[in-house]
**Q** 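Right, I'll just put the structure down here and ask away after.
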Amino acid sequence: MEIKYRLESIAETEFKMDYDFDYSGLIPENLKVQVGHDIKPIMDKDQIVVKAKASLVYGDEEVELATNTVSMRFGLSPIKEIIILKDDGTFSTQNTLVLDTFLVAAVGALRGVMMKNLKGTPLEAYFLPLIPMEHFRANNKK
């Protein structure tokens, strides 16, 4: 089976930063990165939408200092041979490599967009680390 895919669109859908936080006392060890994603097939349009979101949170209270989200739309053909929709709204696939490729692209785009947005702010030295794909697979099982 020949699989064809293409990037159709990319958009930054959210950026926010807590400008009221007192960054002068920021302790780097208390800053954490939270990353999440959502993958949604659109079967009738042969498309997959991947959203990736990251937040920089601080301290035990997990004060959200900055959040960024990107959305990428990919064309995928033949989608019906790759993605199987389940009755509960979830989906499965036998070919995880294609979805991994889309997810890596979305997280990479998010990393770059967030670095650009944080430049010139007190958080410019903090960025999304490289995250192994296994991290996403382990957290994506339902």
**Q** What closest approach, in Å, do Ala54 and Leu128 show between heavy atoms, and which atom pair accounts for it?
**A** CB-CD2, 3.4 Å
**Q** Using the side-chain contact (heavy atoms from CB on, under 4.5 Å) rule, take Asp38 and Val50 through it: C-alpha gap first, then chi angles, then the decisive distance, then the call.
**A** CA-CA 6 Å; Asp38 181 52; Val50 180; over 6 Å; no
**Q** Under 4.5 Å between any side-chain heavy atoms of Leu99 and Ile82, yes or no?
**A** no
**Q** Can Gln34 and Glu62 be counted as having a side-chain donor-acceptor contact under 3.5 angstrom?
**A** yes
**Q** Quick one: does any side-chain atom of Ser55 pair with a main-chain N or O of Val57 as donor and acceptor, under 3.5 Å?
**A** no
**Q** Heavy-atom distance under 4.5 Å between the side chains of Leu26 and Phe21, does that happen here?
**A**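 Yes; the side chains approach each other to less than 4.5 Å.
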**Q** Can you confirm whether Val35 sits close enough to Lys53 that some side-chain heavy atom of one is under 4.5 Å from a side-chain heavy atom of the other?
**A**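 Side chain of Val35 against side chain of Lys53, heavy atoms only: no contact under 4.5 Å found.
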**Q** Ignoring hydrogens, what is the shortest heavy-atom contact between Glu2 and Pro78? Give both atom names and the distance.
**A**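 Reported closest heavy-atom pair: O-CD, 3.5 Å.
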**Q** What about the rings of Phe74 and Tyr5, do their centers lie closer together than 6.0 Å?
**A**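 Not under 6.0 Å, so no.
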**Q** Can you give me the closest heavy-atom contact between Lys51 and Ser71, atom names plus distance?
**A**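 Heavy atoms only, the tightest pair is CG-OG, 3.8 Å.
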**Q** May I ask you to check whether over 12 heavy atoms, not counting those of Lys32, lie within 6.0 Å of atom NZ?
**A**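 Yes - once you tally the heavy atoms of other residues, nucleotides and ligands closer than 6.0 Å, there are more than 12.
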**Q** For the residue pair Asn95 and Thr93, confirm or rule out a side-chain donor-acceptor distance under 3.5 Å.
**A** no
**Q** To the nearest 0.5 Å, what is the distance between OG (Ser92) and CD1 (Ile84)?
**A**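 The OG atom of Ser92 sits 4.5 Å away from the CD1 atom of Ile84.
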**Q** Taking Lys86's backbone N and O only, do any of them form a donor-acceptor pair with Thr90's side chain (distance below 3.5 Å, no angle check)?
**A**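 No; zero donor-acceptor contacts below 3.5 Å.
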**Q** If you take all heavy atoms of Ile39 and Phe91, which pair is closest and at what distance?
**A**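 The pair with the smallest heavy-atom distance is O-CE2, 3.3 Å.
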**Q** Atom CG of residue position Asp88 - does it have more than 12 heavy atoms of other residues, nucleotides or ligands inside 6.0 Å?
**A** yes
**Q** Write down the atom of Gly75, the atom of Phe102, and the distance for their closest heavy-atom approach.
**A** O-CZ, 4.4 Å
**Q** To the nearest 0.5 Å, what is the distance between CG (Leu85) and NZ (Lys80)?
**A**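 Answer for the CG-NZ pair, Leu85 versus Lys80, is 9.0 Å.
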**Q** Is it the case that Glu12 and Asn68 place a side-chain donor and acceptor less than 3.5 Å from each other?
**A**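 There is such a pair between these side chains.
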**Q** If we count only N and O atoms by modelled type, under 3.5 Å, do the side chains of Thr121 and Glu124 hold a donor and an acceptor together?
**A** no
**Q** Would the number of heavy atoms belonging to other residues, nucleotides or ligands and lying under 6.0 Å from CZ of Phe15 be above 12?
**A**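 Above 12, so yes.
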**Q** If two hydrophobic side chains count as joined below 4.5 Å and joins carry through other members, does Met115 share a cluster with Leu31?
**A** no
**Q** Please give me the minimum heavy-atom distance between Glu64 and Asp18, naming the atom from each residue.
**A** O-CB, 3.7 Å
**Q** Quick check for you: to the nearest 0.5 Å, what is the distance between Ile42 atom CD1 and Leu76 atom CG?
**A** 11.5 Å
**Q** Got a donor-acceptor contact below 3.5 angstrom from the Arg73 side chain to the Glu8 backbone?
**A**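 No: the side chain of Arg73 does not pair with the backbone of Glu8.
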**Q** How long is the gap from CZ on Phe127 to CE on Met114, to the nearest 0.5 Å?
**A**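 It comes to 12.0 Å.
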**Q** Are Tyr126 and Val63 connected in the hydrophobic side-chain network, where two residues link if heavy atoms are under 4.5 Å apart?
**A**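 Cluster IDs for Tyr126 and Val63 match.
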**Q** Between Leu103 and Asp100, is any pair of side-chain heavy atoms under 4.5 Å apart?
**A** no
**Q** Out of curiosity, Leu65 CG to Leu118 CG, how far, rounded to the nearest 0.5 Å?
**A**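 Spacing of CG (Leu65) from CG (Leu118) equals 10.0 Å.
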**Q** Is there a side-chain contact (heavy atoms from CB on, under 4.5 Å) between Val49 and Met72 once you walk through the steps?
**A** CA-CA 6 Å; Val49 176; Met72 296 177 75; over 6 Å; no
**Q** Should Ile83 and Met43 count as side-chain neighbours, where that means a heavy-atom distance under 4.5 Å?
**A** yes
**Q** With side-chain contact (heavy atoms from CB on, under 4.5 Å) as the test, would you mind laying out the steps for Ile79 and Ile48 before giving the verdict?
**A** CA-CA 9 Å; Ile79 195 167; Ile48 301 280; 4.0 Å; yes
